[in-house]
Peer 1: 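What follows is a single structure, and I will ask about it in a moment.
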Amino acid sequence: MHTVIRELVKNAKSHAFDGFEVNWEEQNRTVSCTHSLQYPEAQERNLHVTSVSWNCTGSVIACAFGRMDDGDWSTEKSYVCTWNLHRQGLNPKRPDAVIDVATAVMSVSFHPSRPSLIAGGLYSGEVVVWDTGRVQDPVLAKTGMSPDTHRDPVCQVHWVPGGRRGEFLVLSAGSGGRVLLWTVHEQSELVLSAGYGLLRQQLPHKTMLTKPRGGSSVGIASLALSPWDSDTFLVGTEGGLVLKCSFSAQAPAATTPDGESVTLRAPAKFCFSPHCGPVYALHCSPFHRNLFLSVGTDGFAHLHSLLQLEPLVSLQVCDSYVFGVRWSPTRPLLFAAATGEGSVHIFDLGGMSLRPVATIEQKSGDRPVYCLEFNPRQTHLLAMGNADGTVNIWHLSTELTEQGPKEVAQLEHLASEVTE
């Protein structure tokens with residue numbers, strides 16, 4: 001009996017299986033499309049799915065319709081649609097909620113804890129918060145067109161924690177080089193609480209590629225928040241730069257005041273090795289505080305450390321643009337990338353090869369996949385938004401979702417390969 005107890009105590013102190021979680025569910029070896037969601041009115045008008053977002057319960061998917069090709073889409077009527085995948089009698093061609101929008105919608109983001117609230121960024125520069133529980137008038141708050149509003153299309157919106165417990169602010173990034181932080185006001189308003197401006201002359205000097213001319217703005221193409229450090233955010237630019245920025249930056253942006261209610265600040269602290277073209281997506285690792293991914297029009301994915309200029313790994317995803325990238329929420333070494341060729345490639349950084357371990361073909365006639373999001377609750381589900389106006393929900397295999405016993409250690413090893 002004493003021998004058994006001694007061995008049990010020894011096993012309890014062992015770290016051999018740290019990070020390993022037992023999955024008692026039946027092993028699933030295939031990747032399959034469980035839903036193909038469409039809104040016929042949007043497809044008839046050739047609208048693209050520009051953004052997708054899961055709500056905090058993991059049961060509802062929202063999609064934004066807009067246009068990603070060149071042109072003036074300021075008068076292009078559009079929609080935000082939601083489907084509850086748990087609803088009995090789900091009709092893939094009839095959304096549970098349809099919100100009519102006067103201009104193209106470029107980005108949507110569900111609230112982290114209130115499952116009916118959606119923030120949206122519009123082509124017009126406006127930022128809106130909708131409440132799908134308010135059927136007659138879903139607009140809960142909006143910026144309107146004021147000197148505080150973006151002058152250019154809003155490429156990204158996020159929710160960020162506020163100063164009070166349970167409070168969340170809306171963060172928006174515009175292609176004109178502004179990052180703005182909004183408080184949701186009771187009188188149906190979004191009130192500007194802080195603002196940041198990116199200008200070429202204020203970028204970190206050591207990594208400037210060309211001599212800046214004047215105080216011209218840096219066009220923003222993507223933005224990501226760090227889940228580890230509430231002061232840090234990352235920006236990808238239309239010129240290929242990847243910037244580490246700080247919310248607590250105090251230096252004023254070198255802009256001429258134009259009626260804004262707050263003084264814009266210059267947030268850029270560090271510039272990483274650039275891409276050859278616009279950086280369309282960034283995502284911070286949920287498993288390591290220093291790692292993040294960037295992708296863009298050059299077809300490459302860069303694995304960066306926040307601690308160095310050059311990427312740790314650079315791999316070619318495809319011969320076309322890469323529009324989206326997301327880390328797996330359960331596999332520390334796995335990420336998915338959405339391509340302009342209509343496919344999504346899944347990579348395993350722990351493998352012997354830098355080739356994809358899986359490729360999901362969308363059957364959309366080689367039209368681009370513009371966005372993708374893993375489900376935060378049902379982590380085997382991956383949503384993909386397409387240029388043909390469809391949102392496909394894919395059920396991933398166990399191999400792509402179940403963490404191996406040494407994955408966290410392998411990721412730590414990758415992150416430690418920082419050059420001096």
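Bear in mind the structure is a predicted one, so any value in this text is a computation, not a measurement.
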Peer 1: Between Asn375 and Thr379 (side chain of the first, backbone of the second, donor and acceptor by atom type, cut-off under 3.5 Å), is there such a pair?
Peer 2: no
Peer 1: How far does CH2 of Trp394 sit from OG of Ser36, to the nearest 0.5 angstrom?
Peer 2: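 Taking CH2 in Trp394 and OG in Ser36, the distance rounds to 9.0 Å.
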Peer 1: Any pair with a residue in residues 165-185 that passes ring-ring contact (aromatic ring centres under 6.0 Å, His included), sequence neighbours left out, goes on the list, sorted by first then second residue, please.
Peer 2: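 For residues 165-185, and leaving out neighbouring residues, the ring-ring contact (aromatic ring centres under 6.0 Å, His included) pairs sorted by first residue read His111-Phe168.
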Peer 1: Of all residues at least two apart in sequence or in a different chain, which pass the side chain to side chain contact (heavy atoms under 4.5 Å, CB included) check with Gln316?
Peer 2: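 If we apply the side chain to side chain contact (heavy atoms under 4.5 Å, CB included) test to Gln316, skipping adjacent residues, the hits are Phe300, Asp319.
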Peer 1: State whether the side chain of His283 and the backbone N or O of Trp327 hold a donor-acceptor pair below 3.5 Å, judged by distance alone.
Peer 2: yes
Peer 1: Could you grab the distance from atom OG of Ser416 to atom NE2 of His288, nearest 0.5 Å is fine?
Peer 2: 8.0 Å
Peer 1: Would Phe374 and Phe335 count as a close aromatic pair, with their ring centres under 6.0 Å?
Peer 2: no
Peer 1: How about Val357 and Phe347: do any of their side-chain heavy atoms sit closer than 4.5 Å?
Peer 2: no
Peer 1: Quick one: do the His86 and Gln378 side chains pair a donor with an acceptor below 3.5 Å?
Peer 2: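 There is such a pair (donor and acceptor under 3.5 Å, judged by atom type) between the side chains of His86 and Gln378.
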Peer 1: Mark yes or no for whether Glu260, through its side chain, and Asp258, through its backbone, hold a donor-acceptor pair below 3.5 Å.
Peer 2: yes
Peer 1: Between Tyr370 and His48, is the ring-ring contact (aromatic ring centres under 6.0 Å, His included) condition met? List the steps.
Peer 2: CA-CA 8 Å; Tyr370 283 131; His48 308 149; 5.4 Å; yes
Peer 1: State, with a plain yes or no, whether a side-chain heavy atom of Met384 is found less than 4.5 Å away from one of Val344.
Peer 2: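 Sidechains of Val344 and Met384: in contact.
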Peer 1: Partners of His275 by ring pair (Phe, Tyr, Trp, His ring centres under 6.0 Å), sequence neighbours excluded?
Peer 2: His302
Peer 1: Sequence neighbours excluded, which residues qualify as ring pair (Phe, Tyr, Trp, His ring centres under 6.0 Å) partners of Tyr321?
Peer 2: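 Per chain and number, Tyr321 pairs via ring pair (Phe, Tyr, Trp, His ring centres under 6.0 Å) with Phe323.
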Peer 1: Answer yes or no: is there a donor N or O on one side and an acceptor on the other, between the side chain of Ser53 and the main chain of Phe110, under 3.5 Å?
Peer 2: yes
Peer 1: Do Asp96 and Thr82 meet the criterion of a side-chain donor-acceptor pair at a distance under 3.5 Å?
Peer 2: no
Peer 1: Can you name the salt bridge (Lys or Arg N to Asp or Glu O under 4.0 Å) partners of Glu167, sequence neighbours left out?
Peer 2: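 Here the qualifying residues are Arg164.
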Peer 1: Return yes when atom CZ of Arg151 has more than 12 non-hydrogen atoms of other residues, nucleotides or ligands closer than 6.0 Å, and no otherwise.
Peer 2: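 More than 12 within 6.0 Å, yes.
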Peer 1: Which residues pass the salt bridge (Lys or Arg N to Asp or Glu O under 4.0 Å) test with Arg165, sequence neighbours left out?
Peer 2: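 If we apply the salt bridge (Lys or Arg N to Asp or Glu O under 4.0 Å) test to Arg165, skipping adjacent residues, there are no hits.
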Peer 1: What I'd like to find out is whether the side chain of Val52 reaches to under 4.5 Å of the side chain of Ile61, using heavy atoms alone.
Peer 2: yes
Peer 1: For Gly133 versus Ser116, what's the shortest heavy-atom pair and its separation?
Peer 2: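 Scanning both residues, the minimum pair turns out to be N-CB, 4.1 Å.
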Peer 1: Can you run down the salt bridge (Lys or Arg N to Asp or Glu O under 4.0 Å) pairs that involve residues 216-245, sequence neighbours left out, and say none if there aren't any?
Peer 2: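 Qualifying pairs: none.
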Peer 1: Would you please name every residue forming a salt bridge (Lys or Arg N to Asp or Glu O under 4.0 Å) with Arg265, sequence neighbours left out?
Peer 2: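 Listed in chain order: nothing, the list is empty.
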Peer 1: Nearest 0.5 Å please: distance from the NE2 atom of His158 over to the CG atom of Leu169.
Peer 2: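 Output value for this atom pair is 14.0 Å.
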Peer 1: Just wondering, do Leu198 and Ile220 contact through their side chains at under 4.5 Å, heavy atoms?
Peer 2: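 The answer is yes; the side chains approach within 4.5 Å.
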Peer 1: The criterion is side chain to side chain contact (heavy atoms under 4.5 Å, CB included); which residues satisfy it with Thr339, sequence neighbours excluded?
Peer 2: Val317, Cys318, Glu341, Ser343, His345
Peer 1: State, with a plain yes or no, whether a side-chain heavy atom of Val170 is found less than 4.5 Å away from one of Trp159.
Peer 2: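 Val170 reaches Trp159 side chain to side chain.
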Peer 1: Provide the full list of salt bridge (Lys or Arg N to Asp or Glu O under 4.0 Å) pairs with a residue in residues 281-307, sequence neighbours left out, each pair given once.
Peer 2: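 Every pair satisfying salt bridge (Lys or Arg N to Asp or Glu O under 4.0 Å) with a residue in residues 281-307: there are none.
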Peer 1: Quick one: does Gln43's side chain have a donor or acceptor within less than 3.5 Å of a partner on Asp388's backbone?
Peer 2: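 It does hold such a pair.
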Peer 1: Could you please spell out the steps behind the side chain to side chain donor-acceptor pair (under 3.5 Å) verdict for Ser305 and Asn290?
Peer 2: CA-CA 5 Å; Ser305 166; Asn290 291 331; 5.1 Å; no
Peer 1: Work out which heavy atom in Trp83 is nearest to a heavy atom in Asn91; give both atom names and the distance.
Peer 2: NE1-O, 3.4 Å
Peer 1: Taking atom CG of Leu306 and atom SG of Cys284, what is their separation to the nearest 0.5 Å?
Peer 2: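 Between atom CG of Leu306 and atom SG of Cys284 there are 6.5 Å.
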Peer 1: Hey, does Pro115 have a side-chain heavy atom less than 4.5 Å from the side chain of Thr57?
Peer 2: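 Yes, close enough: below the 4.5 Å cut-off.
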Peer 1: Are side-chain heavy atoms of Tyr280 and Val325 found at a separation under 4.5 Å?
Peer 2: no
Peer 1: Kindly say whether Lys93 contributes a backbone atom to a donor-acceptor pair with the side chain of Tyr39 at under 3.5 angstrom?
Peer 2: no
Peer 1: For Arg331, enumerate each residue passing the salt bridge (Lys or Arg N to Asp or Glu O under 4.0 Å) test, keeping only those at least two apart in sequence or located in another chain.
Peer 2: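 So Arg331 forms a salt bridge (Lys or Arg N to Asp or Glu O under 4.0 Å) with Asp348, Glu407.
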Peer 1: Checking the side chain of Ser222 only, and the main-chain atoms of Val279 only, is there a donor and an acceptor separated by less than 3.5 Å?
Peer 2: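 Checked: pair present.
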Peer 1: Considering all heavy atoms of both residues, which atom of Ser217 and which atom of Arg200 are nearest to each other, and what is their separation?
Peer 2: O-NH1, 3.5 Å
Peer 1: Could you measure the distance from the SG atom of Cys371 to the CE atom of Met106? Nearest 0.5 Å is fine.
Peer 2: 10.5 Å
Peer 1: Hey, are the side chains of His304 and Ser294 touching, using non-hydrogen atoms and a 4.5 Å cut-off?
Peer 2: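 They are in side-chain contact.
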Peer 1: Is there any salt bridge (Lys or Arg N to Asp or Glu O under 4.0 Å) pair reaching into residues 350-359, and which pairs are they, with sequence neighbours excluded?
Peer 2: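 Applying salt bridge (Lys or Arg N to Asp or Glu O under 4.0 Å) to every pair that reaches into residues 350-359, excluding sequence neighbours, yields nothing.
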Peer 1: Minimum heavy-atom separation for Ser285 and Leu411, please, with both atom names.
Peer 2: OG-CD2, 4.1 Å
Peer 1: Please step through salt bridge (Lys or Arg N to Asp or Glu O under 4.0 Å) for the pair Lys142 and Glu189, ending with a clear verdict.
Peer 2: CA-CA 5 Å; Lys142 61 181 180 180; Glu189 284 183 302; over 6 Å; no
